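Computation of the quantities below employed the complete heavy-atom set of this structure, encompassing side-chain atoms and omitting hydrogens, waters and symmetry-equivalent molecules. If you're wondering where the values come from, they're calculated on a predicted model, not measured in any experiment.
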Amino acid sequence: MQWETVIGLEIHVQLATKTKIFSGASTAFGAEPNTQACAVDLGLPGVLPVVNEEAINMALKFGLGVDAEINRVNVFERKNYFYPDLPKGYQTTQLDKPIVGAGHVDITLKDGSTKSIRIHHAHLEEDAGKSLHEDYHGMSGIDLNRAGTPLIEIVTEPDLRNAEEAVAFAKKLHSIVTTLGICDGNMSQGSMRFDVNVSVRPKGQEEFGTRTETKNLNSFKFMEAAILKEVERQIDVLEDGGKIVQETRLYNGDTGEARSMRSKEEANDYRYFPCPDLLPVVIEDSRLEKLRADMPEMPDAKKARFISEFGLSDVDADILSGDQATADFFEAAAKGSDARLASNWVLGEVSRSLNTNEIAIANSPVTAEMLAGLIVRIKDNTISGNIAKKVFEALWNGEGKDADEVIEKKGLKQVTDTGAIEVMIDEVLAANVQQVENYRAAPPEKRGKMIGFFVGQAMKASKGKANPGMVNQILKKKLDS
Amino acid sequence: MYEKTLSEQSQALAAGDISSVELTQSYLDRIKQLDADYNSFITVTEELALTQAKKADERRTAGDASALTGIPLAHKDLFCTEGVKTTCGSNILDNFVAPYESTVTRKFREASAVMLGKTNMDEFAMGSSNENSHYGAVKNPWDTKAIPGGSSGGSAACVAARLAAGATGTDTGGSIRQPASHCGITGLKPTYGRVSRYGMIAYASSLDQAGPMAKTAEDCALMLNTMAGFDHRDSTCMDREVPDYTATLNDSLEGMTIGLPKEYFSTGLDAAVEQRIRDAVAEYEKLGATVKEVSLPNLELSIPSYYVIAPAEASTNLSRFDGARFGHRCENPADLMDMYKRSRSEGFGEEVKRRILVGTYALSAGYYDAYYRKAQQIRRMIRDDFMNAFEQCDIIMGPNAPTPAFNIGEKSDDPVAMYLSDIYTLSVNLAGLPGMSVPAGIVEGRPVGLQMIGRHFDEGRLLNAAHRFQQVTDFHKASPFKA
């Protein structure tokens with residue numbers, strides 16, 4: 001039987017506010033346990049929540065960024081359950097009237113076509129704390145630093161049809177929230193966590209199959225692997241005549257193993273109801289207008305502009321516009337140099353070096369300005385493309401403040417003096433008499449390839465510094481004469 | 001001095017006739033001498049009180065004093081007070097010392113009022129008789145066989161017994177007005193949002209409101225001047241100017257229209273209580289007010305509505321008392337669930353458990369629409385009833401309770417009978433209106449109060465009406481020790 005996969009995602013995005021959603025405690029990552037939890041986060045008797053307006057603004061920016069309806073009156077509700085890392089015995093979240101309503105995100109598929117994925121809604125909520133089960137000998141430790149960190153939970157419609165689309169969507173969402181500056185996008189620190197709802201159905205069937213939810217995937221790689229694994233499992237079960245049980249599952253990225261966490265029968269009754277400590281949040285026109293005016297250029301618009309303004313290919317523009325830091329780096333490097341070269345360098349040497357060394361582009365030792373200076377020297381023939389790679393490496397290793405200094409110090413300036421190149425070429429030709437004879441005996445259509453040998457020899461003799469174009473030109477003249 | 005009003009004490013302090021240390025010491029002595037009979041305090045902060053009194057005297061000497069500087073007050077034991085135990089009348093908080101100060105008590109501290117201690121109350125403010133305290137029942141100073149009313153029973157009793165010049169209370173369904181009525185003192189529940197709830201341990205967040213309890217309306221005005229006002233820590237607190245409530249106390253009542261809801265005088269109301277209310281209203285007519293019958297057609301629905309909404313909110317407000325971070329934890333829990341179950345079973349009393357269960361049920365899947373949503377719709381109807389009534393009158397008057405204080409133990413086995421006794425007060429909380437109780441006479445040796453209800457944020461008019469009444473009557477001067 002032919003199977004079709006149906007996927008919907010729920011994404012928790014940690015908002016980049018300085019303080020928590022209902023208290024003044026810091027949200028910074030990595031502090032000593034329980035040093036960033038105040039009386040409100042601890043749920044001490046008598047304390048009350050006060051909404052962080054910046055968290056509201058960030059949720060609204062997300063809504064504007066995905067063309068969503070904004071619910072002008074949205075309401076915080078209490079979701080009640082007992083757990084040690086949930087200090088108040090309830091999580092303050094939004095259910096009936098979330099701040100962001102229906103919207104959409106467009107993704108580019110491998111074949112170049114575009115698919116629109118519908119956002120069902122996005123709501124604001126507070127994060128819970130963390131339970132620490134190691135090191136306590138039969139007891140558990142509780143760290144409430146994360147308790148009260150603002151999140152938006154984004155829920156999609158079941159519009160995704162395979163793992164690849166899901167990943168493309170996740171990456172696009174990542175680029176949207178980082179472009180908006182509402183999330184640092186640091187997935188390994190849990191700034192974005194994905195829950196995937198997966199079901200399969202016989203191709204052509206309209207009705208959805210029974211779905212399972214795999215929770216808390218914190219990398220694109222794990223998400224893809226978890227989906228592939230779950231789809232395979234479900235098809236196996238169904239083809240063996242079994243039934244899919246609606247359940248929550250856990251996927252371990254390190255071992256690649258998945259297991260059931262709880263079935264729907266064991267699900268809690270969360271007894272949602274509007275939080276009486278918080279008034280409904282009313283969004284005024286003026287607030288939305290102000291936010292709209294401050295909106296950054298979104299990834300889709302940026303991509304279109306990169307294509308029209310810089311003549312980049314669709315693929316290159318897609319990658320460069322996909323991440324705010326990368327886009328900014330590219331634009332800064334392209335400024336005053338050459339956009340096409342800048343694009344090649346950012347997607348080539350820069351990305352490679354960053355990946356190898358696991359450095360974020362914002363912390364690149366070769367800054368966009370340094371790269372621009374380097375490209376200028378390629379353009380004005382001071383150095384060749386090959387030499388430029390050496391200069392880049394030197395800059396990466398901190399051997400100079402800019403390209404000019406490295407070129408000067410290492411004497412890498414391209415030789416463009418015709419006389420000097422001619423002397424060099426004459427020496428090469430004299431040392432390779434046999435090859436010259438072969439060349440001259442060859443038919444013209446084969447000569448193109450054979451000339452490469454002489455170019456190589458000449459470049460080697462010049463230690464790479466000779467202008468390759470001139471070498472080519474002079475060689476041709478001398479060999480063909 | 002203890003028979004004097006807060007205002008008179010303030011004048012005596014200002015005139016130098018007495019120091020705050022002397023005044024405070026005299027109250028501390030009285031508490032030691034008498035409170036074993038009433039059980040109105042859970043904690044007496046003797047040392048702190050004397051330190052604060054000394055400081056208050058220094059402020060007076062320095063010419064930096066307000067009306068409340070040096071006045072000895074008591075606070076209901078649900079206002080968190082830094083460094084002093086806050087129990088909420090519950091075993092589960094028997095060892096709880098808050099690391100912060102509630103806004104209300106902070107404001108009194110900043111005015112250099114003295115805190116004598118923390119008063120007894122129904123556990124988590126759930127009750128109408130003060131029999132639900134982990135620290136034992138409070139007794140009515142007028143008759144120690146009688147309940148003082150609840151849940152601010154300790155505050156009402158300590159003011160009535162002249163153990164404090166004034167006290168703070170909170171009112172979720174009548175918890176200031178009803179005990180004020182039963183103990184023969186004056187109490188005001190302000191408009192919801194008038195006084196900050198920050199640091200007040202929540203019972204039902206959308207109904208709770210703190211207010212003053214004292215001998216007279218003037219004293220309540222002085223206290224409200226300090227308590228009221230915007231607080232950025234409480235989202236439901238209103239950003240509205242606080243008028244000087246003492247400035248309008250003597251305004252004329254000429255032309256004021258009093259509304260008497262006919263539903264307040266139907267079956268169930270004790271005839272002697274009704275007579276005291278009608279006599280009080282007649283007194284107002286002499287002061288120039290006109291009387292009109294109004295109607296609150298949905299009054300009866302306020303009881304079921306209240307007893308869904310309040311427990312629903314309470315059931316989740318009280319979830320944090322789980323033994324994990326503070327308060328009581330059971331010994332040697334077998335696992336997490338065991339810790340939750342036993343800590344809460346041991347920590348909470350019967351009435352609290354009853355309301356948590358009712359509230360949990362009302363919010364549970366499949367019942368939410370039938371109970372909670374319906375109750376909210378009724379709440380809206382009740383508010384609308386009041387709004388309609390206030391188109392025809394300026395102030396609504398009636399009884400606080402159907403009878404004078406009943407005897408301790410009389411209704412404790414019948415929670416529903418107990419709930420029904422709150423019929424005249426609950427609806428005011430559901431509508432978020434200000435309400436007040438003013439002494440209006442004695443029935444069979446037990447005080448009876450007149451309830452007055454105002455428009456939103458019309459506390460000034462309530463205090464004005466109460467004050468004028470107290471200028472021409474002596475009910476507020478009656479004392480269990482003079483009778």
Less than 4.5 Å to any heavy atom of chain B: does that hold for the side chain of A:Leu144, its backbone, both, or neither?
side chain
For B:Lys353, is the NZ atom crowded, meaning more than 12 foreign heavy atoms sit under 6.0 Å from it?
yes
Flag if over 12 foreign heavy atoms under 6.0 Å of OH, B:Tyr371
no
Can you tell me how far the CG atom of B:Asn317 sits from the OH atom of A:Tyr90, to the nearest 0.5 Å?
5.5 Å
B:Ser235 side chain reached by A:Val51 side chain, heavy atoms, under 4.5 Å
no
Can you tell me which portion of B:Ser102 sits under 4.5 Å from chain A's heavy atoms? Options are side chain, backbone, both or neither.
neither
Would you check if the side chain of B:Arg325 reaches a backbone N or O of A:Pro87 as a donor-acceptor pair within less than 3.5 Å?
yes
Select one option (side chain, backbone, both, neither) describing which atoms of B:Phe321 are under 4.5 Å from chain A's heavy atoms.
side chain
Expected contact set for residues 273-291 of chain A against chain B at heavy-atom separation under 4.5 Å reads A:Phe273, A:Pro274, A:Pro276, A:Asp277, A:Leu278, A:Leu279
For each of A:Val47, A:Leu42, A:Ile142, tally heavy-atom pairs with chain B at distances under 4.5 Å, and name the one with the top tally.
A:Val47
With chain B as the partner chain, list the residues of residues 23-38 of chain A whose heavy atoms fall under 4.5 Å from it, by residue number, and write 'none' if nothing qualifies.
none
Heavy-atom proximity to chain A below 4.5 Å, by part of B:Leu336:
side chain
Pick from A:Pro84, A:Pro49, A:Ala39, A:Gly89 with the largest number of heavy-atom pairs that fall under 4.5 Å of chain B
A:Pro84
Heavy atoms from other residues, nucleotides or ligands near CZ of B:Phe230 exceed 12 (cutoff 6.0 Å):
yes
Contact class of B:Thr86 relative to chain A, heavy atoms under 4.5 angstrom:
neither
Would you name the heavy atoms of A:Arg78 and B:Ser205 that are closest together and state the gap between them?
NH2-OG, 3.9 Å
Heavy-atom cut-off 4.5 Å, strictly under: side chain, backbone, both or neither for B:Phe96 against chain A?
side chain
Please check this pair: side chain of B:Ser319 against backbone of A:Phe82, looking for a donor-acceptor N/O pair closer than 3.5 Å.
no
Between the side chain of B:Arg233 and the main-chain N/O of A:Val50, is any donor-acceptor distance below 3.5 Å?
no
Which region of B:Ala204, side chain (C-beta onward) or backbone (N, CA, C, O), has a non-hydrogen atom less than 4.5 Å from a non-hydrogen atom of chain A, or is it both or neither?
neither
Please classify the contact between A:Tyr81 and chain B as side chain, backbone, both or neither, with a heavy-atom cut-off of under 4.5 Å.
neither
May I ask you to check whether over 12 heavy atoms, not counting those of B:Lys85, lie within 6.0 Å of atom NZ?
yes
Per-residue contact mode, B:Ala365 against chain A (heavy atom under 4.5 angstrom)
both
Are the side chain of A:Asn80 and the backbone of B:Thr316 linked by a donor-acceptor contact shorter than 3.5 Å?
no
Given a strict heavy-atom distance threshold of 4.5 Å, which part of B:Tyr198 is in contact with chain A: side chain, backbone, both, or neither?
both
